[in-house]
Number of protein chains: 2
Amino acid sequence: MTKKLISAPLPTLKRLPRYLHILQDLKAKGIKQVSATIIAEELGIDSIQVRKDLSTTGIIGKPKIGFELNELIDHIVHFLNWDNMTDAFLVGLGGLGKAILGYDNFKNYGLNIVAAFDTDPELLDTKVHCVGVFDIKKLEDLAQRMKIHIGVLTVPVSAAQEVAEKMVAGGIKAIWNFAPVKLKLPDNIIIENVFLSQSLGVLTHRLAQLKNTEA
Amino acid sequence: MTKKLISAPLPTLKRLPRYLHILQDLKAKGIKQVSATIIAEELGIDSIQVRKDLSTTGIIGKPKIGFELNELIDHIVHFLNWDNMTDAFLVGLGGLGKAILGYDNFKNYGLNIVAAFDTDPELLDTKVHCVGVFDIKKLEDLAQRMKIHIGVLTVPVSAAQEVAEKMVAGGIKAIWNFAPVKLKLPDNIIIENVFLSQSLGVLTHRLAQLKNTEA
DNA sequence: TTTATATCGATAATTTTTTATCGATAAATA
DNA sequence: TATTTATCGATAAAAAATTATCGATATAAA
């Protein structure tokens, strides 16, 4: 029997960051306490679900009152491990890679991109959004020496598998993958895909449906 | 009491674009027929699920053989309405907005961004990635006149609600929202959110878990 | 021609996720 | 102080999604 892991169903995990957005909003307004009901109303979802999600993370509230806002925020932040800044490498300085580098909000999400890699000679040894750019050949060695565990993959599809393998060779344990391709890596590597086509497909399909029913 | 418009479960809808990636890969290799088993293996999921997803879209295959590759591709593309290019506006030319404009692959996903909007005077009346940039004040009027139905929202959180309302006023029916905020719009507006924090939260949580069990 | 095999589609079972119910409790109010 | 109220957390029910089973069928092999 393995140690009891504090885990959560995937749908719950995905809702937590949204709760956090709401909570930080409320905090900015000077509010001190919050109930599952309020969060649920704000997001247009069921309050029972919010309560269940929160209890999954282990926090306990008070009847009639709800939760201490600060405590709840800290709790979720900790649960997502966003209170521990993790250093990461980003590979692929196309439009998306640059955009991610420029979005320094990720620091609030525990992600600290400390170096970027590309093959474009124009970019090498420059800085993009204050982050140094290196030749992709140095990736493996640097990742090992700096004990980097997260890789952000924003290269074209054609290069994705190869670069991902280099990341793994460098000791990277988790890959945030933006290339629309299935990476084939050892089972113990955590892969989190962002496939914009999925989201766009939902949208275009629904829009077509809407037009069908209207017509 | 909203009418039910969704013709496929959301999880199915989200898997279809992934199937398409695989299928187009196979097509490029000259393959003519494909079975659910092959798609499933390629993605590391269950073949029964693939078969079920495909049958949800209405296509029929042959025992022992599977599906005609071209027919299957066309079928999914049509189901997602990606065979009908839909014109769209993009608002917010920060890093992400520019990156999306630059990624002309979206044309394969039925999305044709025909104009962009921002408030930055530097950008007005220029072109970014061959797309004209206009003052956000013109959004509503232009959307109406050009009968635009999709809006891509890449503005900062602080502006998102306001801009979204302008889109709706201009007749836009579906919003692809990249701002990490819950938009409050009429029920008949289709909203598809891309919250990177969700995906990142899953990744950082899992990585922390992994380290816990190793320790 | 007969047998073996891979896959389909339909139906059923299982698992996961969401939603409902209800007693307990902390605060507000009468 | 007693009553009312909003919310919690636990448990149960319902709904949704995934996975399993099985007969039918098209091709390949014996």
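In what follows, chains carry the letters A, B, and so on, assigned in the order in which the sequence lines appear, proteins first and then strands, with residues in each chain numbered from 1.
A:T37 approaches A:S47 most closely through the heavy-atom pair CA-CB, 3.9 Å. Residues A:K182 and B:L43 come closest through the heavy atom pair NZ-O, 3.5 Å.
Summarising the local packing, CD1 of A:I31 is surrounded by more than 12 heavy atoms from other residues, nucleotides or ligands at distances under 6.0 Å.
For the pair A:Q49 CD and D:dA13 C1', the computed distance is 16 Å after rounding to whole Å. Across the protein-nucleic acid pair, B:L54 atom CG and D:dT18 atom P stand 14 Å apart, rounded to whole Å.
Residues B:N193 and B:I191 form a side-chain contact, since some pair of their non-hydrogen atoms from C-beta on lies under 4.5 Å apart.
Proximity of residues 22-48 of chain B to DNA chain C (heavy atom under 4.0 angstrom from any strand atom) is restricted to B:S35, B:A36, B:T37.
Phosphate proximity of D:dA17 to B:R15: absent, as no side-chain N or O sits under 4.0 Å from OP1 or OP2.
With salt bridges taken as basic N to acidic carboxylate O contacts below 4.0 Å, one links A:K184 and B:E42. Look at A:E140 and A:R145 and you find no salt bridge, because none of the NZ, NE, NH1 or NH2 atoms lies under 4.0 Å from a carboxylate O.
One N or O donor and one acceptor, one from the side chain of A:K64 and one from the base of D:dT5, sit under 3.5 Å apart.
Looking at residues two or more places apart in sequence or on another chain, you find a ring pair (Phe, Tyr, Trp, His ring centres under 6.0 Å) between A:W176 and A:F106, A:F178.
Summary of the strand contacts: A:K52 and B:K52 both lie near DNA chain C, and taking for each the nucleotide with the nearest heavy atom, the more 5' one is attributed to B:K52. Between A:K62 and A:L10, the residue anchored nearer the 5' end of DNA chain C, judged by the nucleotide with its closest heavy atom, is A:L10.
Ring geometry for B:F195 against A:H21 counts as perpendicular: the plane angle is over 60°, on a 0 to 90° scale with 30° as the lower cut.
The nucleotide range of DNA chain C contacted by chain A, defined by atoms under 4.0 angstrom from heavy atoms of the protein and reported 5' to 3', is C:dT17 to C:dA27.
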